[in-house]
Number of protein chains: 2
Amino acid sequence: MNVRTLCLAILNAGDSTGYEIRKLVTDGYFSHFVDASYGSIYPALNRLETEGLVTSREELQAGKPARKVYSIADEGREAFVDALSTPARKDNFKSEFLLLAMCAELMKPAHLTRAIDAQIEYLKGELEIIDAAVEETDMLGGDWVANYGRACLQSGLNYITENRSELEALAGLGRAARSDVIAAE
Amino acid sequence: MNVRTLCLAILNAGDSTGYEIRKLVTDGYFSHFVDASYGSIYPALNRLETEGLVTSREELQAGKPARKVYSIADEGREAFVDALSTPARKDNFKSEFLLLAMCAELMKPAHLTRAIDAQIEYLKGELEIIDAAVEETDMLGGDWVANYGRACLQSGLNYITENRSELEALAGLGRAARSDVIAAE
DNA sequence: TAGGCCATGTAACCGGTTACATGATTAG
DNA sequence: CTAATCATGTAACCGGTTACATGGCCTA
């Protein structure tokens with residue numbers, strides 16, 4: 001899903017600004033299965049507007065910068081429904097933590113422990129985001145998606161907390177076999 | 001994790017070729033948490049070699065193209081351990097399926113059903129890949145990572161199969177409200 | 001005989017990130 | 001007084017994908 005389509009999806013659920021869309025996809029409701037930065041959102045919205053798929057209006061605010069509020073147009077809704085009807089791509093999951101876990105034997109124990117702690121915090125954070133944001137959307141599929149996210153995140157979290165000691169037992173084994181590394185410290 | 005580091009990780013566990021690395025990351029052991037294409041793997045290996053982090057040898061085969069087998073060098077192992085000791089980035093998960101699920105009310109029922117079926121097949125496929133590949137690696141963390149993957153994938157799969165009807169009940173609701181679309185069909 | 005597998009590689013392209021520019025307001 | 005929040009935007013850069021080129025062997 002490119003940022004264009006993502007913007008249409010969010011605008012389909014209600015008017016929004018570039019700033020708000022970015023918050024939604026990095027800290028908000030959508031953050032656990034999409035991502036985008038200002039540098040892609042603002043150009044996407046501009047292009048969407050020149051193509052007539054969305055419209056915008058300026059809203060002046062006292063003491064704050066003006067907001068540029070975008071609304072989806074009928075053409076945009078059509079384009080979005082079209083996009084929805086082309087077969088979805090496979091999920092894309094990249095995890096540096098898992099790559100690192102595979103190589104646990106090369107890591108210093110303290111470092112592995114820190115990485116595991118960080119991963120646990122990250123997963124807890126994601127769960128909290130879902131809990132906090134679940135009430136804030138009109139999208140009918142919101143609850144369903146939130147529960148899907150909870151199920152996956154929670155099972156990962158449970159697995160890590162219950163089995164971390166097994167992984168931690170591996171730390172350093174690869175290093176111990178190479179005393180040159182140890183000696184250099 | 002960039003492709004460079006990924007190559008080092010795989011070569012750290014044993015010699016390999018660009019072709020094999022690509023298979024590992026798209027259909028094999030690593031496929032559920034990393035990805036890379038030929039267009040990034042081959043240049044990465046070349047650069048790694050010119051920098052002295054890996055070495056290569058040609059292996060001629062009867063009736064098949066020659067293989068260029070890469071081995072990690074001591075310098076490469078060091079560089080990899082260094083990379084491992086910098087704090088890991090957050091997981092990156094992107095799911096077109098979940099975006100689509102959030103907008104279930106805009107989809108034709110038949111289409112949603114197909115998307116759900118596809119997602120179920122995808123998850124089952126990922127689980128099968130893990131089961132098939134789990135014996136094929138020397139990496140000590142392999143089992144642990146495989147079980148982490150199984151836990152997440154399985155809970156997602158369970159959630160979908162048990163709750164798909166709720167989502168399917170939403171399909172078309174957004175379209176029904178706009179009879180113009182229906183009439184145009 | 002068509003297509004898939006093995007196997008390596010390149011070049012054009014592109015989507016997206018990073019970092020920057022701007023600037024008022026508010027909270028700590 | 002500092003840092004964060006609100007708010008929009010641009011430009012350089014970059015990592016990676018897509019598509020192509022090559023070609024023999026094996027299977028359906």
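Here the structure is a predicted model, which is why all the values come from computation and not from measurement. Quick note on labels: first sequence line is chain A, next is B, and so on, each numbered from 1.
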*Reading 5' to 3' through nucleotides 14-23 of chain C, protein heavy-atom contacts under 4.0 Å coded B for base, S for sugar-phosphate only, - for none*: --SBB----B
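- In the set dC6(C), dT5(D), dG9(D), the nucleotide with an atom closest to the side chain of Gln61(B) is dC6(C).
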Using atom types as modelled, flag every donor-acceptor pair under 3.5 Å from a side chain in residues 31-44 of chain A to any protein atom, sequence neighbours excluded.
{"unit_1": "Ser31(A)", "atom_1": "OG", "unit_2": "Gly28(A)", "atom_2": "O", "d": "2.9"}
{"unit_1": "Ser40(A)", "atom_1": "OG", "unit_2": "Ser37(A)", "atom_2": "N", "d": "3.4"}
{"unit_1": "Ser40(A)", "atom_1": "OG", "unit_2": "Ser37(A)", "atom_2": "O", "d": "3.0"}

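- Within the structure, a side-chain polar atom (N or O) of Tyr19(B) is placed less than 4.0 Å from OP1 or OP2 of dC6(C).
- Under 4.0 angstrom from either OP1 or OP2 of dT8(D) there lies at least one side-chain N or O belonging to Thr17(A).
- Between the P atom of dA21(D) and the OH atom of Tyr42(B) lies a distance of 18 Å, rounded to the nearest Å.
- Rounded to whole Å, the distance from CG on Leu45(B) to C1' on dT10(C) is 15 Å.
- A donor-acceptor distance shorter than 3.5 angstrom exists from the side chain of Tyr159(B) to the backbone of Trp144(A), with no hydrogens or angles considered.
- Taking the side chain of Arg67(A) as heavy atoms from C-beta on, and the options dT10(C), dA7(D), dG9(D), the nearest nucleotide is dA7(D).
- We find that CZ of Arg57(A) is positioned 17 Å from C1' of dT8(D), with the value rounded to whole Å.
- Considering Ile129(A), Leu153(A), Leu157(A) in turn, Leu157(A) is the only one that fulfils the side chain to side chain contact (heavy atoms under 4.5 Å, CB included) rule with Lys124(A).
- Between the C1' atom of dT5(D) and the CD atom of Glu20(A) lies a distance of 13 Å, rounded to the nearest Å.
- Annotation: side-chain contact (heavy atoms from CB on, under 4.5 Å) contacts of Glu162(B) (sequence neighbours excluded): Asn158(B).
- Contacts of Thr55(B) classified as side-chain contact (heavy atoms from CB on, under 4.5 Å), with partners at least two apart in sequence or in another chain: Ser71(B).
- Between Lys23(B) and dC5(C) there is no side-chain polar atom (N or O) within less than 4.0 angstrom of OP1 or OP2.
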Residues 92-104 of chain B, side-chain donor-acceptor partners within the protein, below 3.5 Å, at least two apart:
{"unit_1": "Ser95(B)", "atom_1": "OG", "unit_2": "Asp91(A)", "atom_2": "OD1", "d": "2.8"}
{"unit_1": "Ser95(B)", "atom_1": "OG", "unit_2": "Phe97(B)", "atom_2": "N", "d": "3.4"}
{"unit_1": "Ser95(B)", "atom_1": "OG", "unit_2": "Leu98(B)", "atom_2": "N", "d": "3.1"}
{"unit_1": "Glu96(B)", "atom_1": "OE1", "unit_2": "Met1(A)", "atom_2": "N", "d": "2.7"}
{"unit_1": "Glu96(B)", "atom_1": "OE2", "unit_2": "Arg89(A)", "atom_2": "N", "d": "3.2"}

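- For Glu58(B) and dT8(C), the CD to P distance is 9 Å, given to the nearest whole Å.
- By the side-chain contact (heavy atoms from CB on, under 4.5 Å) test, Glu49(A) pairs with Val54(A), Ser56(A), Lys68(A), Tyr70(A), sequence neighbours left out.
- Regarding Leu60(B), its CG atom lies at a distance of 12 Å from the P atom of dT8(C), rounded to whole Å.
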